[in-house]
Structure formats: C-alpha cells, structure tokens
Amino acid sequence: MTAQDMVYSNGRLRYRGQYIAATSGRGGATNNKKEGDGATPRGTHSIVGLLYRPDRVAMPSDWAQPLYLGDVWCDDPKYLAYNHLCRVPLAASFEHLRRSDPQYDVVLITDWNWPEATPGRGSAIFIHQWRRPGAPTAGCIAMARIDLHWLAARVIPGSRLIVR
C-alpha cells in the first residue's frame, strides 16, 4: 500500500487517513464482474482519468479533462470501443457522461477492464457523486459531492482504488 491508495470496504472509503461514507454496486462486491450485474469488482484498480463538467464545477485538479456535449462511455460488449470514452453519434449502446443530474459532474475513471477490454467483463467503473446518501450504484463507488471534490483535488494519475 502507498499513501495514494484509496481503500473501499463496508460502506466507506479510506484515503490519507480520512474516512468517507461511500456506496458500491447494488450487486455487492464480486470477483467475477459481468456487464450489467450491478456489482463492483474487487481488487486493485488504478485511477486513469479525471473528468469534470466545466459548465457546473471548477477544474478539480490540473490533470482533469472537461466533459463536452456528446461525450459518452461505450457499454456495448460487441463494439470495438467497449469500455472507452467516445463521442456521439455512436452505433453502439452507451451511457451519456453529461447528465441532467449531478452524478457525473466529477468522475474518476478506473482501469477496470481498460484499456484492453474483455467483452462482457464490465464497463464504466467510476468514482462519482451518489444519487442520495447510501444509494447503491450500478457497480461504481459513489459518495457525497463535497467528499468527491475533496478526493478529486488530491488523487493523482496512478492512485489506486482497492475494493475489498
């Protein structure tokens, strides 16, 4: 373990000696992640990206990249860009990253099944804002807005998320 490691277990994320209330997937944690199972993959996942909505929030860190209209995440296992950031139009199933709600105003991207994605092994495992306190996700880690902004200002590329 290093000082840049985040550890998620039992409804909280530990980082730099701080404990943050957080949630994981509605399917719990799993060693056998599959697309659409609602589970969070156990293991060690590097942080490989930081995205933010420049129309809603300030740049959280100098390495953050803005989210633009048309930015989507491909979740179609049959498509070459599966589990990658893409732009519309896209002839595949995808998730909009610029949402009407604030869940993806700041998004930390993990390297789960990335950059070489195995079809069906799961996509879009992020750290983002929760819908409401304690609400499970579709497989991501989620937390309160204030905690996410604190975290995003401190993590660096290569920081690791350890899910137990």
Asks: So do the side chains of Ile47 and Ile127 get within less than 4.5 Å of each other, counting heavy atoms only?
Replies: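 A side-chain contact exists here, since the closest heavy-atom pair is under 4.5 Å.
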Asks: Which residue, Ser93, Pro119, Cys74, forms the side-chain contact (heavy atoms from CB on, under 4.5 Å) with Tyr79?
Replies: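 The side-chain contact (heavy atoms from CB on, under 4.5 Å) with Tyr79 is passed solely by Cys74 among Ser93, Pro119, Cys74.
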Asks: Do Trp112 and Val7 share a hydrophobic cluster (ILVMFWY, side-chain heavy atoms under 4.5 Å, transitive)?
Replies: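 They do not share one cluster, since no chain of ILVMFWY contacts under 4.5 Å joins Trp112 to Val7.
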Asks: Would you say Gln129 and Val106 make side-chain contact, with heavy atoms under 4.5 Å?
Replies: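 No - every pair of side-chain heavy atoms lies 4.5 Å or more apart.
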Asks: Closer than 3.5 angstrom, by distance alone: can the side chain of Asn113 be matched with the main-chain N or O of Gly122 as a donor-acceptor pair?
Replies: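 Such a contact is found between Asn113 side chain and Gly122 backbone.
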Asks: I need the minimum non-hydrogen distance between Ser24 and Thr40, along with the two atoms involved.
Replies: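 Result for this residue pair: CB-OG1, 3.4 Å.
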Asks: Which distance, rounded to the nearest 0.5 Å, do you find between the CZ of Arg121 and the NZ of Lys34?
Replies: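 Here the interatomic distance stands at 10.0 Å.
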Asks: For residues 53-73, which residue pairs pass the ring-ring contact (aromatic ring centres under 6.0 Å, His included) check, not counting sequence neighbours?
Replies: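 Listed by first then second residue: Trp73-Phe126.
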Asks: Where is the tightest heavy-atom contact between Glu95 and Ala124, given as atom of each residue plus distance?
Replies: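 Glu95 and Ala124 have their closest heavy atoms at OE1-CB, 4.0 Å.
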Asks: Would the distance check show the side chain of Asn31 and the main-chain N or O of Pro41 forming a donor-acceptor pair, the cut-off being under 3.5 Å?
Replies: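 Side chain of Asn31 to backbone of Pro41, a donor-acceptor pair under 3.5 Å: no, none is there.
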Asks: Could you grab the distance from atom CZ of Arg145 to atom CE of Met143, nearest 0.5 Å is fine?
Replies: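 The CZ atom of Arg145 sits 13.5 Å away from the CE atom of Met143.
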Asks: In this structure, would Val163 and Ile109 fall into the same cluster of hydrophobic residues linked by side-chain contacts under 4.5 Å?
Replies: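 Different clusters: Val163 never reaches Ile109 through Ile, Leu, Val, Met, Phe, Trp or Tyr contacts under 4.5 Å.
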Asks: Quick check: do Met6 and Ile141 have side-chain heavy atoms less than 4.5 Å from each other?
Replies: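 No, their side chains stay 4.5 Å or more apart.
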Asks: Would you call Ile20 and Trp150 a side-chain contact if the rule is heavy atoms closer than 4.5 Å?
Replies: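 The answer is yes; the side chains approach within 4.5 Å.
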Asks: With rounding to the nearest 0.5 Å, note down the distance linking OG1 in Thr44 to CZ in Arg164.
Replies: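 It comes to 8.5 Å.
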Asks: Do Leu50 and Val57 land in one hydrophobic cluster if side-chain heavy atoms of ILVMFWY residues count as linked below 4.5 Å?
Replies: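 Per the 4.5 Å side-chain linkage, Leu50 and Val57 are co-clustered.
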Asks: Is any side-chain heavy atom of Arg131 closer than 4.5 Å to a side-chain heavy atom of Asp101?
Replies: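 In short, these two side chains do not touch, never coming nearer than 4.5 Å.
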Asks: Go through the side-chain N and O atoms of Gln65 and Tyr52 and say whether any donor and acceptor fall under 3.5 Å apart.
Replies: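 Absent: no donor and acceptor within the cut-off.
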Asks: Taking all atoms of both residues into account, what is the closest heavy-atom pair of Asp71 and Pro66, and its distance?
Replies: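 Taking every non-hydrogen atom into account, OD2-O, 4.1 Å.
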Asks: Any side-chain to backbone donor/acceptor pair from Asp111 onto Ser46? Under 3.5 Å, distance only.
Replies: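 Yes: the side chain of Asp111 pairs with the backbone of Ser46.
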Asks: Go through the structure and list residues passing salt bridge (charged side-chain N to carboxylate O under 4.0 Å, His left out) with Arg56, not counting sequence neighbours.
Replies: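 Residues passing salt bridge (charged side-chain N to carboxylate O under 4.0 Å, His left out) with Arg56: Asp105.
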Asks: Could you tell me whether the side chain of Leu97 reaches within less than 4.5 Å of the side chain of Leu85, counting heavy atoms only?
Replies: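 Answer yes - side chains close enough.
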Asks: Please test Leu13 against Asp147 for side-chain contact (heavy atoms from CB on, under 4.5 Å), starting from the C-alpha separation and ending with a verdict.
Replies: CA-CA 10 Å; Leu13 183 99; Asp147 294 324; over 6 Å; no
Asks: Locate the shortest heavy-atom distance separating Ala39 from Asp37; write the atom from each residue and the value.
Replies: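 Looks like N-OD1, 2.9 Å.
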Asks: State the CD1-CG distance between Ile125 and Leu161, to the nearest 0.5 angstrom.
Replies: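 It is 10.0 Å, given to the nearest 0.5 Å.
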Asks: Could you tell me whether the side chain of Arg87 and the main chain of Leu69 form a donor-acceptor pair under 3.5 Å?
Replies: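 Pair found, side chain donor or acceptor close to backbone of Leu69.
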Asks: So, taking the atom named OH in Tyr8 and the one named NE2 in His45, what distance separates them when rounded to the nearest 0.5 Å?
Replies: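 Those atoms lie 12.0 Å apart.
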Asks: Are Val155 and Leu148 connected in the hydrophobic side-chain network, where two residues link if heavy atoms are under 4.5 Å apart?
Replies: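 Per the 4.5 Å side-chain linkage, Val155 and Leu148 are co-clustered.
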Asks: Please tell me if the side chains of Gln4 and Tyr15 come closer than 4.5 Å, counting only heavy atoms from C-beta onward.
Replies: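 With C-beta onward as the side chain, the pair touches.
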Asks: Just by distance, do the side chain of Glu35 and the backbone of Ser123 share a donor-acceptor pair under 3.5 Å?
Replies: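 Checking the backbone N and O of Ser123 against the side chain of Glu35, a donor-acceptor pair under 3.5 Å is found.
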Asks: Between Trp114 and Leu67, is there a shared hydrophobic cluster once you connect ILVMFWY residues whose side-chain heavy atoms come closer than 4.5 Å?
Replies: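 Linked within one cluster.
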Asks: Kindly compute the distance separating CE (Met59) from CZ (Arg53), expressed to the nearest 0.5 Å.
Replies: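 Answer rounded to 0.5 Å: 15.5 Å.
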Asks: For a 4.5 angstrom cut-off between non-hydrogen side-chain atoms, does Phe94 reach His96?
Replies: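 Phe94 reaches His96 side chain to side chain.
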